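A quick write-up on the structure given underneath.
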Amino acid sequence: MGILTKILRPVFRNAARPSGPVGRVFLAMMNRGHTPLSKWGLARLETGPDFHVLDIGCGGGKNIARLLERIPLGKVFGLDISPTSVKASVSLNRKAVLDGRADIRQGGSDGIPWPDGSFDAVTAFETVYFWPDWPASFAEVRRVLKQGGTFLICNSSTRTLSQGPSAGFWTEVVDLKDPPSEEICEALDEAGFGNIFTEAREGGGMVLRGVAAGWFQKERHGR
Ligand SMILES: C[S@@+](CC[C@H](N)C(=O)[O-])C[C@H]1O[C@@H](n2cnc3c(N)ncnc32)[C@H](O)[C@@H]1O
């Protein structure tokens, strides 16, 4: 590991797990910087007005706010492994939390603290590449989704991050996995998702959508 990587790593770890004042700066920057990708990804999620939606890796909470606008009669839940992220999400969505329209908790994707079949949809923006154990986490997402519910993953990371002039920066300095979408699709399939769909975004980014298995007709698109 080069000297520059050694210096930058502790700072950029705040993208993976924001902590303290530097973590708060990262969260504010991510709320702004991820906006174009987040809006594009959210447009690929169907919601009903009374949906219950969980956003995992909710970070600074901007996507919770966007979801609350989309489901005026529903409820939005947030989960993040970082207490700094949870505080930021609660602070940004304070009114909804006080009104009982948002419930934001600390915890990891491999131990989701809600009962089976709680949600119509689960979202994960710019976070699955930090999750340590996809099989355990995706099985948890499957468990908390209602039958036929949707899991939407939205990443700016594609294999392109490990190529080109900034090769190695994100994978080494930020310490994220840089998986091809096929690898995520396989993990979703094994966890019991069907109708798996992937779509690339012009200019970078992708969404993956899977439907919680049971009654669906098992077919794939865009693979
Ligand atoms: C790059 S930030 C993205 C935040 C937000 N979703 C956005 O798009 O701006 C990644 C977030 O995922 C959280 N995170 C990382 N691993 C996690 C896990 N296994 N379970 C839950 N949250 C996790 C981090 O603490 C951090 O807040």
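Not measured: the values here are computed from a predicted model. Start at 1 and go down the list; that is how both ligands and their atoms are numbered.
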Does Arg143 pair with Glu140 as a salt bridge, N-O distance under 4.0 Å? yes

Can you check whether Arg17 has an N/O within less than 3.5 Å of an N/O in ligand 1? no

How about Phe193 and Phe138: are their ring centres within less than 6.0 Å of each other? no

Heteroatom proximity flag, Asn31 to ligand 1, N/O under 3.5 Å: no

Taking only non-hydrogen atoms of Pro18 and a 4.0 Å limit, the atoms of ligand 1 in range are 24 (C), 25 (O), 26 (C), 27 (O)

For residues Phe197 and Arg44, determine if any side-chain heavy atom of one lies less than 4.5 Å from a side-chain heavy atom of the other. no

Taking distance alone, with no angle check, do Gly57 and ligand 1 share an N/O pair under 3.5 Å? yes

Sequence-distant partners of Thr84, side-chain hydrogen bond (donor to acceptor under 3.5 Å, both in side chains), two or more places apart: none

Taking both backbone and side-chain atoms of Ser85, is any N or O found less than 3.5 Å from an N or O belonging to ligand 1? yes

Where is the nearest protein heavy atom to atom 3 (C) of ligand 1: which residue, which atom, and how far? Glu126 O, 3.5 Å

Any nitrogen or oxygen of Phe125, main chain or side chain, under 3.5 Å from a nitrogen or oxygen of ligand 1? yes

Atom indices of ligand 1, in the order listed, that fall short of 4.0 Å to a heavy atom of Ala15: 1 (C), 2 (S), 10 (C)

Here the atoms of ligand 1 under 4.0 Å from any heavy atom belonging to Met30 are 1 (C), 2 (S), 9 (O)

For ligand 1, is there an N or O atom under 3.5 Å from any N or O atom of Ser109? yes

Looking only at protein heavy atoms, which one is nearest to atom 9 (O) of ligand 1, and what is the separation? His34 ND1, 2.8 Å

Protein residue, atom and distance nearest to atom 27 (O) of ligand 1, heavy-atom basis: Asp80 OD2, 2.7 Å

